[in-house]
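This report concerns only the one structure given below.
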Amino acid sequence: MKVVKELFRGREIDLLPMINLDDTTKFQRIVYTALMRIPRGKVSTYSMLARASGCRRGYRTVGNALSSNPIPLIIPCHRVLRSNLKIGGFSIPGVDEGEARQLKRRILVDEGVKFEGEKVNPKCLWKSKS
DNA sequence: TCGGTGTTTCGGA
DNA sequence: TCCGAAACACCGA
């Protein structure tokens with residue numbers, strides 16, 4: 001948990017190589033890689049990740065990949081929102097769902113993402129095409 | 001083998 | 001504009 005704190009205090013992550021991708025599928029790796037490309041303070045959506053992964057209708061798979069991500073929070077699954085800019089679901093094993101959602105929002109705020117109620121500021125959206 | 005998943009998109013009314 | 005259905009890929013029972 002200490003590491004996690006450090007992560008969101010502004011330190012960039014070089015932990016990607018540490019992540020064992022052997023247990024992940026090809027599609028998941030694509031998703032994770034795309035996720036890592038999201039800069040701090042930016043967020044993405046399931047749809048965008050799906051597009052980035054090559055499958056326009058792979059959003060469900062993306063959600064599945066995120067929910068079963070090897071290292072929650074290190075893989076910035078918290079930067080993934082629904083297409084309507086709402087948080088959507090977020091759960092961490094061993095953490096209450098409500099707590100996890102709060103944590104997610106807090107992390108995003110800490111990273112510079114601006115919230116408008118339950119939604120995030122569209123300006124904080126990260127576009128793979130830029 | 002089957003159904004569910006942190007959802008989205010598309011077509012018809 | 002709104003509602004219903006279908007959709008890629010993958011995981012667990």
Side-chain angles (χ1 to χ4, degrees):
Chain A
M1 275 303 156
K2 185 178 175 186
V3 179
V4 174
K5 258 190 169 180
E6 291 294 329
L7 280 180
F8 300 109
R9 272 295 149 196
R11 268 163 245 265
E12 284 303 324
I13 323 171
D14 276 338
L15 298 176
L16 181 55
M18 293 175 53
I19 300 173
N20 187 1
L21 293 176
D22 291 343
D23 290 338
T24 65
T25 65
K26 182 178 168 188
F27 193 83
Q28 286 180 330
R29 275 192 312 197
I30 298 175
V31 172
Y32 297 146
T33 305
L35 221 50
M36 298 291 187
R37 290 174 51 197
I38 303 178
R40 278 174 53 83
K42 297 284 183 180
V43 296
S44 188
T45 66
Y46 294 96
S47 155
M48 288 181 183
L49 285 179
R51 287 174 67 83
S53 303
C55 285
R56 197 168 78 264
R57 302 183 204 76
Y59 26 78
R60 299 187 79 204
T61 315
V62 172
N64 189 17
L66 295 183
S67 65
S68 63
N69 78 68
I71 313 179
L73 295 185
I74 292 184
I75 289 183
C77 52
H78 56 278
R79 292 185 192 152
V80 184
L81 312 173
R82 300 181 66 167
S83 61
N84 57 357
L85 277 306
K86 289 181 90 173
I87 286 284
F90 182 60
S91 55
I92 307 173
V95 180
D96 287 343
E97 209 164 324
E99 289 264 341
R101 217 178 48 183
Q102 287 274 7
L103 181 63
K104 178 176 182 178
R105 194 178 62 183
R106 204 179 131 217
I107 292 170
L108 290 176
V109 171
D110 200 34
E111 290 187 351
V113 178
K114 289 171 185 173
F115 271 78
E116 300 173 352
E118 301 238 341
K119 296 185 183 177
V120 304
N121 192 320
K123 288 206 156 195
C124 297
L125 257 180
W126 174 78
K127 290 157 192 166
S128 57
K129 274 184 138 187
S130 66

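Below, chains carry the letters A, B, ... as their sequence lines are ordered, and counting in each starts from 1. Quantities reported herein were computed from a predicted structural model and do not represent experimental measurements.
Regarding Q28(A), its CD atom lies at a distance of 5 Å from the P atom of dC11(C), rounded to whole Å. Look at CG on N69(A): it is 21 Å from P on dA9(C), rounded to the nearest Å. Summarising the geometry, the separation between CG on L49(A) and P on dT8(B) is reported as 11 Å, rounded to the nearest angstrom. Atom CG in L35(A) sits about 18 Å away from atom P in dG6(B), given to the nearest Å. Between F27(A) atom CZ and dC11(C) atom P there is a gap of 12 Å when expressed in whole angstrom units. For R29(A) and dC10(C), the CZ to P distance is 11 Å, given to the nearest whole Å.
Below the 3.5 angstrom threshold, one finds a donor paired with an acceptor across the side chain of Y59(A) and the base of dT8(B). At a cut-off of 3.5 angstrom, counting only N and O atoms as typed in the model, there is a donor on one side and an acceptor on the other between the side-chain of R60(A) and the base of dT5(B).
Map R56(A) and L66(A) each onto its nearest nucleotide of DNA chain B; the residue landing nearer the 5' end is L66(A).
No contact: V62(A) has no heavy atom under 4.0 Å from any strand. S68(A) comes within 4.0 angstrom of nothing in the nucleic acid, heavy atoms only. At the heavy-atom level, G58(A) lies under 4.0 Å from base atoms of the strands shown. Here T25(A) lies in heavy-atom contact (under 4.0 Å) with sugar-phosphate atoms only.
Using a distance-only test at 3.5 Å, with no hydrogens or angles considered, a donor-acceptor pair links the side chain of Y32(A) to the main chain of A65(A). A donor-acceptor pair under 3.5 Å is absent between the side-chain atoms of K104(A) and the main chain of F90(A), judged by distance alone. Of the possible polar contacts, one joining the N69(A) side chain to the L66(A) backbone as a donor-acceptor pair under 3.5 Å is found. Checking side-chain atoms of N121(A) against main-chain N and O of K123(A) turns up a donor-acceptor pair under 3.5 Å.
Taking the C1' atoms as reference points, dA6(C) lies 15 Å from dG3(B), given to the whole Å.
Heavy-atom minimum distance, L49(A) versus S44(A): CG-OG, 4.2 Å.
Close to dT5(B), at under 4.0 Å from its OP1 or OP2, lies no side-chain N or O of T61(A). Dashed line: the shortest gap from a side-chain N or O of S83(A) to OP1 or OP2 of dT8(B) is under 4.0 Å.
Across all strands shown, dA6(C) pairs with dT8(B); the Watson-Crick or G-U wobble distances both stay below 3.5 Å.
Listed nucleotides dT9(B), dG6(B), dT5(B) differ in distance to N64(A); the shortest reach to its side chain belongs to dT5(B).
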